[in-house]
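Notes for the one structure printed next.
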2 protein chains.
Amino acid sequence: MAGRRRQAVTIQDVARAAGVSRAAVSKVIRDAAGVSPAMRARVNAAIEELNYRPSVAARALRGASYTLGLEVPHLGNRFLTQIVDGALAALEGTRYQTIIAPADGREGYGAIEALADRQVDGIVVVSPRVDASWLERLAGSVPVVMLGRHHRSVHYDTVVGDDLAGTGQVMDYLLGLGHRSIVHLTEDFAVTTPGSGVPHALRLQGYEEAMTAAGLKDRIRVVRTGQTEEHARATVDELLDTRPWPTAVFAGHDQLALGALAALVERDALGEISLIGYDNTDLAAHPAISLSSVDQHGTEMGRRAIAMLLERIAGRDEAQHHVITPSLTVRRSSGPPPTR
Amino acid sequence: MAGRRRQAVTIQDVARAAGVSRAAVSKVIRDAAGVSPAMRARVNAAIEELNYRPSVAARALRGASYTLGLEVPHLGNRFLTQIVDGALAALEGTRYQTIIAPADGREGYGAIEALADRQVDGIVVVSPRVDASWLERLAGSVPVVMLGRHHRSVHYDTVVGDDLAGTGQVMDYLLGLGHRSIVHLTEDFAVTTPGSGVPHALRLQGYEEAMTAAGLKDRIRVVRTGQTEEHARATVDELLDTRPWPTAVFAGHDQLALGALAALVERDALGEISLIGYDNTDLAAHPAISLSSVDQHGTEMGRRAIAMLLERIAGRDEAQHHVITPSLTVRRSSGPPPTR
DNA sequence: CTGAAAGCGCTAACAG
DNA sequence: CTGTTAGCGCTTTCAG
């Protein structure tokens, strides 16, 4: 019931047109050795003429699909844009193509499996909510690079930002400015469990450590919310119902920060409360937003992930783990605490 | 050199384990008729046991890949999020999977071809800069739905917003408020050529018609810029160098509007100049932005596109063209012109 | 340097 | 209801 009308000019047709064997054509399109220039020319002419395109499916059945898969969480996540841009840039000039599979539900299992089923030559996993041992197993059958996971597998590579360092920069900055009442806005436990290796867990940990080191252990205040901007907005709005207000909010990522910003703007509290996000998504720089945020260099992350995948495909066998140092970008959303 | 380690449990293995023929297994996984309950049970057990997953490549070679391809321009485009969300929702519960191929360069040819090469069962094309006749040819070999193209093909379906209506709403609103000096901010000619069927061309046309109808033909002022926020920002900034300022700016899409907003904010001109965008992307609603914008109902567009593709795959043969009526959402970025 | 032949994993007639 | 048999389009030995 599906997929007819394959007008399909096949390798056979090309061979016929060029008056050679299928094998010869195959060699030409793969740039394999052992073809005379004359034959190559004739074959290429026929290919051009017939507008022939090799079937990736047939190819994948034998060898490689020359396709890399990128599993991503919800596309609304701006940070992804950076990663995808980097990945695409890294692929330029290679014969590989990337396809993106957006996570279906909360997790990305379905999407990842869909990629594997499609015989991609390698997979970059971005969704944080996938089980490490499950990935480990997957990595046994296809090269995998996991983005943003601190856990170090032996079977797959990782590219991750130094979340402790990033958080440290934020906290040094805020504490240095004189802030004492700093709230950390983050997501639910599923993603912040200590030891899970999920970035948010480390950011939380870094926050708590910095507060403790500053002698503010009893002022630690972690507020959890859902992963959307709306959730963050409602949560922060509620937070502002009770005084005293904190003097600073450190959000686990920019989407949360944008939600927080919405609440602050509506309460006209932006002058009193500093706000810092994480990811430095494109919007942070917009003058109407001007959000201080930690730049994770997502483009570089995407680029590295693809580079590592390509290495794996080319034969590398030991796992590699790449850490990228983030940097805080200060904008108008943060400053010294209000003086009384 | 690529794609080894296919631990590959094949249909053969399952057949062996269940003590039946490959055909039997095939029937079970396809839910085809002619299998005894007993056999079905045994086969399913074996599938479970071996953790078997059918190879999409092998399947595609014979029949369908059960994969739909979505070609999209740059992922930074927020409007896409709506479309993809709608598409994913429409696919829920079907056996189809979507893969996204981001346009490589300016156009989307490479990405579209990549999808076709991968034997997808249908393609949704979003990039506006693809040649209609090229698409026509493609549509001869695989079902195609084109988003946001007014041109009516006989071979592929289209889903498009009623851009004249949307523009009409904007202009009625602005003119009704008393605006006379209204600038239209749009992209370069490649995408605004009259008759091209590209939405931006119609928005431009609608703008000119509305101005003319209001007796403001000589106040028509079209400003062209690049497609990024940065371009729009610089262009509008330059625009503000010379007085008198317009009292309203109607941007061709939200990204341009955001750039314009940046320039207005920096010049502190927001009180004097009304700004309206198009697409009603998620950011427009943010209180720090609060951009008036035309909602194209992208989610519905994505949903329809997939529905139509599924119909085509199921056998429909005549082209169908679906038009969605947009609606203007007014926010704080627009209001009456300043009174002197 | 060139071509014949044997599959890759699966589906789709067709026979039993 | 079940199994046998041909391929789908391509790559890849292996002879010529």
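Lettering of chains follows the sequences in order, A, B, ..., and the numbering in each one begins at 1.
- The side chain of T10(A) approaches dC10(D) more closely than any other nucleotide in the set dT5(D), dT2(C), dC10(D).
- One interatomic measurement links the two molecules: CZ of R22(A) to C1' of dT13(D), which rounds to 14 Å at whole-angstrom precision.
- Checking dA6(D), dG3(D), dG3(C) against the side-chain heavy atoms of R62(B) singles out dA6(D) as nearest.
- Residue S36(B) places its side chain closer to dT2(D) than to any other of dT11(C), dG9(D), dT2(D).
- In this structure, R95(B) and R30(B) approach most closely via the heavy-atom pair NH1-O, 4.5 Å.
- In this structure, I29(A) and M39(B) both approach DNA chain D, and ranking their closest nucleotides by distance from the 5' end singles out M39(B).
- With sequence neighbours left out, the side-chain contact (heavy atoms from CB on, under 4.5 Å) criterion links A58(A) to S55(A), L61(B).
- Sequence neighbours left out, the pairs with a member in residues 99-147 of chain A that pass ring pair (Phe, Tyr, Trp, His ring centres under 6.0 Å) are Y109(A)-W134(A).
- Proximity of S26(B) to the phosphate of dA12(C): no side-chain N or O atom is located under 4.0 Å from OP1 or OP2.
- Closest approach to the R30(A) side chain among dT11(D), dG9(C), dG3(C) is made by dT11(D) (side chain taken as heavy atoms from C-beta onward).
- Under the side-chain contact (heavy atoms from CB on, under 4.5 Å) criterion, R129(B) pairs with R106(B), E107(B), E187(B), D188(B), A190(B), V191(B), Q227(B), sequence neighbours left out.
- The nearest heavy atom of DNA chain C to A24(A) and to R53(B) marks one nucleotide each, and the one closer to the 5' end goes with A24(A).
- Using a 4.0 Å cut-off between a side-chain N of Lys or Arg and a carboxylate O of Asp or Glu, D31(B) and R40(B) qualify as a salt bridge.
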For nucleotides 13-15 of chain C, tabulate all protein N/O to nucleotide N/O atom pairs closer than 3.5 Å, reporting atom names and distance.
none

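- At the phosphate of dG9(D), neither OP1 nor OP2 sits under 4.0 Å from any side-chain N or O atom of S55(A).
- Residue I11(B) contributes atom CD1, which lies 11 Å from atom P of dA12(C) at whole-angstrom precision.
- For dC10(D), the OP1/OP2 oxygens have no side-chain nitrogen or oxygen of Y66(A) closer than 4.0 Å.
- Here T67(A) pairs with V56(A), S65(A), I99(A), V120(A), R118(B) under the side-chain contact (heavy atoms from CB on, under 4.5 Å) rule; sequence neighbours left out.
- Between the two ends of the helix from dC1(C)-dG16(D) to dG16(C)-dC1(D), each summarised by a five-pair axis, the helix axis turns through 40° (rounded to 10 degrees).
- Checking the phosphate oxygens (OP1, OP2) of dT11(C), a side-chain nitrogen or oxygen of R59(B) falls inside 4.0 Å.
- Between the CG atom of L61(B) and the P atom of dT11(D) there is a distance of 12 Å, given to the nearest Å.
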